[in-house]
Amino acid sequence: MGPSPIPVPNPTISFWMSEPHPLSDHQTTPELPPEIEIAVVGAGYSGVSTVYNVLSLCKSQGAPIPSIMIFEARQACSGATGRNVGGHMKADPFIKPSNLIKTHGVKAALECAEFEFAHLRAIKRIVEEDEIDCDFVLTRTMDVFMSEEVCTTMLDKVKLLEKNGLKVLDDVYSLQGAEAEQFTGVKGAKGCLTYSTAHLSANKFVLHLLSKVVDAGVNLQTHTPVESISKSPDSNGFFLLSTPRGTVRAKKVVHATNGYISSVLPEFADRIVPVRGVCSHIVLPKEKQYAPLLQNSYTIYWSSSVYDYMIPRLDGSIILGKSKSKQYGVESWYDNVNDDKLIEGAASSVENYMQRYFRGWESSGAYIKEIWSGIMGYSTDAIPHVGVIPDRREQFILAGFTGNGMPLAFLCARGVASMVLEGDSFESTGIPSVFKTTQERLNNSRNLILEDWDTILSQISK
């Protein structure tokens with residue numbers, strides 16, 4: 001598998017990006033400055049959060065702001081951040097921790113779980129302090145299990161955590177059988193877990209932060225894809241970044257392009273893979289406004305690795321996302337950056353979704369108003385890559401969030417900001433130790449993405 005291409009032009013239009021923002025096509029200067037101190041590649045959640053945290057550190061220390069440029073291949077916030085299911089700040093209290101116990105031990109599992117839940121508090125605090133208009137909702141989530149097998153598998157993960165004395169959230173409740181269907185409203189539910197979560201418009205949140213940093217003097221260059229970056233600095237300590245609009249020299253580089261990371265970091269070609277997903281906006285017709293108002297977010301598990309996820313909006317509409325599905329061939333989503341097209345069969349798979357699966361929605365007339373594609377960055381060991389890139393001193397990465405960046409990326413960005421600005425070690429940042437990108441991880445040829453897919457196919461064939 002070769003390096004990822006850069007983002008394709010003319011992507012499908014997401015619900016979140018239907019109205020242009022003043023910074024969507026912004027270029028701070030008509031020409032690229034020849035030299036800067038910090039280059040950040042990617043104007044999404046990870047890249048903008050890194051710059052925001054760099055500026056916050058400068059402010060707290062009374063230090064001058066270094067010269068910073070953010071490069072974006074298309075419009076600002078037009079990648080996964082502007083195309084996701086709705087900024088689901090869903091920390092995972094059982095699936096990922098139970099897997100990490102088996103592979104990395106209890107300490108690593110606890111680190112990761114606590115780190116995710118810390119995002120709920122961190123993002124809530126920023127939204128309140130900055131009075132950010134981003135549709136932030138503190139709520140509960142429902143993990144709904146659609147077969148006895150998946151219910152048993154998931155509840156066994158909870159038992160494994162309890163056995164190892166690992167508990168990161170006090171309000172996780174479980175139900176099984178008829179009670180699960182009645183409580184969740186999902187037809188045929190065999191079990192469920194419910195716990196605290198939050199959701200927001202990631203697009204509005206990030207564009208607010210981006211506005212603040214641009215107002216503070218950061219140079220934003222949209223429609224400026226970075227095509228290559230020198231691996232080593234020149235004799236004056238500068239890396240050379242090449243774009244269709246010219247070259248820029250930078251002392252430090254932050255790579256925050258997630259699924260596209262290997263386009264300029266070929267060593268990650270087999271470690272962080274672009275994965276195409278599909279989201280849709282489901283609404284009620286004006287003449288039929290009745291349907292049960294859903295107050296919780298949902299993840300509906302058809303197996304342990306095939307699931308749908310949805311966010312109800314205050315206007316009664318639904319944002320629905322679908323992960324890899326047995327209905328899609330692997331080539332339609334794996335190592336695929338074509339978010340200018342829908343996955344074949346995706347529209348039909350979500351048609352009448354609410355009527356089919358939710359009690360009380362049968363006569364609602366709910367229909368798909370918008371449907372779009374987006375590209376995520378899946379790590380082949382299911383763990384993000386964060387920190388100084390091996391053999392690329394003064395180049396940093398935060399990527400490979402495997403479709404779950406909302407409760408991970410902001411505090412990773414805070415840690416990377418301290419590494420970039422102050423030279424802090426990875427170990428001092430509070431980022432989970434297993435997130436550290438290392439040569440050993442790059443050399444690991446195991447691919448959990450494809451292993452999961454093989455498991456799905458074997459279950460289908462039974």
Side-chain angles (χ1 to χ4, degrees), residues 1-5 46 79-80 92 95-105 108-109 112 150 153 157 255-278 301-307 309 321-339 343 373-387 389-392 397-405 408-409 412 432-462:
M1 187 173 70
S4 164
S46 298
D92 180 359
I95 298 177
K96 192 183 299 178
S98 65
N99 293 338
L100 284 168
I101 283 176
K102 297 174 183 178
T103 58
H104 294 82
C112 292
V150 71
T153 298
K157 293 179 183 293
H255 296 261
T257 56
N258 208 25
Y260 303 98
I261 207 80
S262 66
S263 64
V264 292
L265 293 175
E267 59 266 46
F268 284 87
D270 296 318
R271 301 285 75 86
I272 297 178
V273 180
V275 167
R276 183 167 61 162
V278 176
Y301 287 90
W302 305 99
S303 75
S304 57
S305 55
V306 175
Y307 48 87
Y309 37 99
K322 292 188 73 67
S323 73
K324 54 186 180 292
S325 167
K326 62 184 180 182
Q327 299 174 15
Y328 312 149
V330 65
E331 70 285 347
S332 70
W333 56 269
Y334 183 84
D335 193 24
N336 192 317
V337 299
N338 296 322
D339 60 358
I343 295 175
S373 298
I375 308 304
M376 299 166 283
Y378 271 49
S379 169
T380 52
D381 64 3
I383 298 171
H385 284 265
V386 184
I389 300 169
D391 293 330
R392 290 182 184 259
I397 185 174
L398 60 165
F401 293 107
T402 315
N404 193 39
L408 291 172
C412 284
S433 57
V434 295
F435 288 14
K436 185 177 182 178
T437 189
T438 63
Q439 192 61 51
E440 181 181 4
R441 291 182 65 194
L442 291 177
N443 292 341
N444 181 4
S445 61
R446 188 175 181 185
N447 188 325
L448 296 181
I449 312 168
L450 294 180
E451 286 183 20
D452 280 348
W453 182 247
D454 289 341
T455 299
I456 293 168
L457 295 180
S458 66
Q459 290 171 346
I460 295 170
S461 64
K462 289 181 181 178

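Quick note: numbers below take in every heavy atom, side chains included, and nothing from hydrogens, waters or symmetry partners.
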Open item on the list: I'd like to know if the side chain of Tyr378 pairs up with that of Asp452 as donor and acceptor (distance under 3.5 Å, no hydrogens or angles considered).
Closed with: no
TODO: Using the six-membered ring wherever Trp is involved, compare the ring planes of Tyr301 and Tyr307 and label them parallel, tilted or perpendicular (cut-offs 30° and 60°).
DONE: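 The rings of Tyr301 and Tyr307 sit tilted, inter-plane angle from 30° to 60°.
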Look up atom [atom1] in [X] and atom [atom2] in [Y], then write down how far apart they are to the nearest 0.5 Å.
{"X": "Ser373", "Y": "Trp333", "atom1": "OG", "atom2": "CH2", "answer": "14.5 Å"}
{"X": "Ile375", "Y": "Asn336", "atom1": "CD1", "atom2": "CG", "answer": "6.0 Å"}
{"X": "His255", "Y": "Ser262", "atom1": "NE2", "atom2": "OG", "answer": "12.0 Å"}
{"X": "Thr437", "Y": "Ile389", "atom1": "OG1", "atom2": "CD1", "answer": "7.0 Å"}
{"X": "Asp339", "Y": "Met376", "atom1": "CG", "atom2": "CE", "answer": "11.0 Å"}

Determine whether [X] and [Y] make a side-chain contact, defined as any pair of heavy atoms from C-beta on separated by less than 4.5 Å.
{"X": "Thr103", "Y": "Asp381", "value": "no"}
{"X": "Asp335", "Y": "Pro274", "value": "yes"}
{"X": "Cys112", "Y": "Phe435", "value": "yes"}
{"X": "Lys322", "Y": "Ile343", "value": "no"}
{"X": "Leu448", "Y": "Glu451", "value": "yes"}
{"X": "Arg392", "Y": "Ile397", "value": "no"}

Side-chain donor/acceptor of [X] to backbone N/O of [Y], under 3.5 Å:
{"X": "Arg276", "Y": "Asn338", "value": "yes"}
{"X": "Arg441", "Y": "Lys436", "value": "yes"}
{"X": "Thr402", "Y": "Ala382", "value": "no"}
{"X": "Asn258", "Y": "Ala399", "value": "no"}
{"X": "Arg271", "Y": "Asn444", "value": "yes"}
{"X": "Asp92", "Y": "Pro97", "value": "no"}

Between [X] and [Y], which heavy-atom pair has the shortest distance, and what is it?
{"X": "Ile95", "Y": "Lys157", "value": "CA-CD, 4.0 Å"}
{"X": "Ser303", "Y": "Val150", "value": "C-CG2, 3.6 Å"}
{"X": "Thr438", "Y": "Pro390", "value": "C-CG, 3.6 Å"}
{"X": "Ala109", "Y": "Ile101", "value": "CB-CG1, 3.7 Å"}

Open item on the list: Checking Asn404 now: which residues fulfil side chain to side chain contact (heavy atoms under 4.5 Å, CB included) with it, not counting sequence neighbours?
Closed with: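 Only Lys96, Glu116, Pro407, Leu408 meet the side chain to side chain contact (heavy atoms under 4.5 Å, CB included) criterion with Asn404.
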TODO: Could you list the residues that satisfy side chain to side chain contact (heavy atoms under 4.5 Å, CB included) with Thr257, not counting sequence neighbours?
DONE: Val41, Tyr260, Ile261
- [ ] Could you walk me through whether Glu267 and Asp391 pass side chain to side chain contact (heavy atoms under 4.5 Å, CB included), step by step?
- [x] CA-CA 10 Å; Glu267 59 266 46; Asp391 293 330; over 6 Å; no
